[in-house]
Amino acid sequence: MIFLNDHRILFGSALLLFVSLTLYIAIFPALENQRINKPLPRQSKILTKEEQAGKRVYIDNGCIACHTQQVRNVEMDNVFGKRPSIPADFAINTRTDFWRNTANLMGTQRTGPDLTSIGERQPSAEWHLIHLYQPRAAVEESVMPAYPWLFIERDYLQPGDVEVKVPEKFRPRYKKIVAGPEALLLVAYLKSLKQTDYTDKSIVPAFLYKQKKEEGAAQGGNANLPDGGALFTANCASCHQANGEGVPGAFPPLKGSPVVTGGDLELYVTIIMKGYDPRPEFATMPPVGTNANFTPEDVAAIMNHERTSWGNNAKKVTAEEVKTIMDKIK
């Protein structure tokens, strides 16, 4: 009864409960997300001041109601991006302002197309301006509403005006359509939307794709395996990194990985040949081995490279062991 009669104990207990719940439900998870989700390598820089202002125009005009910014891991989304979206794609976003947290604008439905890579699919500022003024002028079957209040109608152009070449049937007669400040900011934001492609191997020098043969015999009489380091660089390093440490929130580390150094070779080979999607905080691994037509010798060489690099010190495998597993999992 003292607890109920003493207001200091009662209010103090309530405050302690509130602070504890806030830390457990909001603060600690946010810190953990910040730790594991880092921007992808080669990811675009943060939004410029102009692009950030355009993002606010995007929010103010309700664009999020009809457009998503998340490429799902399904066949039909191939037209919207190079790959499915992952948490690390949004790690580059900064706070909207001091009072408001990051707005990722992923959306919930698609009355219109996904905009994850619209800056690449439609890089023309002119196209975007026409589309905003009158969507049917750019896409005849569009159901998107027009945004004429973002534009100015003039009889004559003034210095510095950006004229929008709207087809005559969609604009007032004898009027010039000029992009207003908010229209230009919104287009700057839309053009900044480009998806980082971690599957692009064009930055890898061509010679790294050559599979050099190693001299000497391997364990179990398995001789002349390909260069496991070269195969790893060509097929794996773009995600797991040359140091084997991966990218937090995107690609798991191979350094010290129990899968890499453990004894479950069937799981290891299956991951390489068929891909893997074990945890939501990491990107889905594609079937690298199948896509690249790896032979048992290729897989054994990559596994041996990973099992003996970056401080890993596991027993090497043979091509015969790998072949047995590959035949089993076909």
Side-chain angles (χ1 to χ4, degrees), residues 34 37-71 80-82 85-107 110-135 137-139 142 144-154 156-166 170-171 175-198:
Q34 189 173 15
N37 293 320
K38 304 293 183 183
L40 293 167
R42 300 186 287 117
Q43 193 163 24
S44 302
K45 64 182 185 304
I46 61 175
L47 298 179
T48 64
K49 184 178 180 180
E50 182 184 41
E51 293 163 352
Q52 188 71 37
K55 183 177 181 179
R56 288 193 288 271
V57 176
Y58 182 95
I59 296 171
D60 292 343
N61 284 274
C63 303
I64 192 174
C66 299
H67 294 284
T68 57
Q69 291 186 36
Q70 51 176 315
V71 181
F80 298 135
K82 305 178 183 76
S85 298
I86 56 177
D89 286 319
F90 308 99
I92 200 171
N93 292 347
T94 57
R95 295 184 66 88
T96 302
D97 53 39
F98 180 79
W99 299 108
R100 292 178 292 179
N101 202 349
T102 301
N104 287 324
L105 309 183
M106 290 187 287
R110 288 179 182 160
T111 303
D114 183 86
L115 301 181
T116 297
S117 61
I118 190 63
E120 295 173 317
R121 300 202 310 270
Q122 294 290 355
S124 169
E126 181 72 12
W127 185 93
H128 285 291
L129 290 171
I130 294 173
H131 187 245
L132 287 170
Y133 180 79
Q134 176 49 260
V139 182
S142 176
M144 173 177 161
Y147 292 83
W149 56 86
L150 299 179
F151 299 84
I152 304 168
E153 296 179 3
R154 297 195 193 281
Y156 302 97
L157 294 178
Q158 299 178 3
D161 281 349
V162 177
E163 183 183 6
V164 184
K165 304 294 186 179
V166 180
F170 293 106
R171 60 181 169 85
K175 292 288 187 179
K176 301 289 186 180
I177 306 301
V178 175
E182 288 192 334
L184 295 174
L185 292 173
L186 178 54
V187 170
Y189 170 65
L190 293 173
K191 289 181 63 180
S192 75
L193 298 178
K194 299 176 182 178
Q195 188 183 48
T196 301
D197 183 10
Y198 66 78

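In this chain, numbering begins with 1 at the start of the sequence shown. What you see below is based on every heavy atom in this structure, not just the backbone, and it leaves out hydrogens, waters and symmetry mates.
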Quiz prompt | Exam field: side chain Q70 to backbone G107, donor-acceptor pair closer than 3.5 Å | solution = yes
Quiz item: Considering all heavy atoms of both residues, which atom of K165 and which atom of I130 are nearest to each other, and what is their separation?
Solution: O-CD1, 3.5 Å
Self-check item: Sidechain N-carboxylate O distance under 4.0 Å for D114, R110
Solution: yes
Quiz item: Going by heavy atoms in the side chains, are L115 and Y58 under 4.5 Å from each other?
Solution: yes
Quiz item: Is any side-chain heavy atom of K55 less than 4.5 Å from a side-chain heavy atom of E51?
Solution: no
Practice problem: Evaluate the side-chain proximity of L157 to V178: yes if any heavy-atom separation is below 4.5 Å, no if none is. | Solution: yes
Practice problem: Mind listing the closest non-hydrogen atom pair of A183 and L132 along with its distance? | Solution: O-CD1, 4.5 Å
Quiz prompt | Heavy-atom side-chain contact between H67 and P113 under 4.5 Å | solution = yes
Quiz prompt | Close side-chain approach of V139 to W127, heavy-atom, < 4.5 Å | solution = yes
Quiz item: Within a strict 4.5 Å, meaning less than it, do heavy atoms of the F80 and R121 side chains meet?
Solution: yes
Quiz item: Mind checking what makes salt bridge (charged side-chain N to carboxylate O under 4.0 Å, His left out) contact with R154, not counting sequence neighbours?
Solution: D161
Quiz prompt | Check: I118 and H128 side chains under 4.5 Å, non-hydrogen atoms | solution = yes
Quiz item: Under 4.5 Å between any side-chain heavy atoms of F151 and I177, yes or no?
Solution: yes
Quiz prompt | salt bridge (charged side-chain N to carboxylate O under 4.0 Å, His left out) partners of E126, counting only residues at least two apart | solution = none
Exercise. Give the intermediate values and the outcome of side-chain contact (heavy atoms from CB on, under 4.5 Å) for residues S85 and Q195.
Key: CA-CA 9 Å; S85 298; Q195 188 183 48; 4.1 Å; yes
Practice problem: Return yes if some donor-acceptor pair links the side-chain N/O of S117 with the main-chain N/O of E120 below 3.5 Å, else return no. | Solution: no
Quiz item: Hey, do the aromatic rings of W149 and Y147 have their centres closer than 6.0 Å?
Solution: yes
Quiz item: Rounded to the nearest 0.5 Å, what separation is found between the OH atom of Y189 and the CD atom of E50?
Solution: 14.0 Å
Practice problem: Drop me the distance from L129's CG to L184's CG, to the nearest 0.5 angstrom. | Solution: 6.0 Å
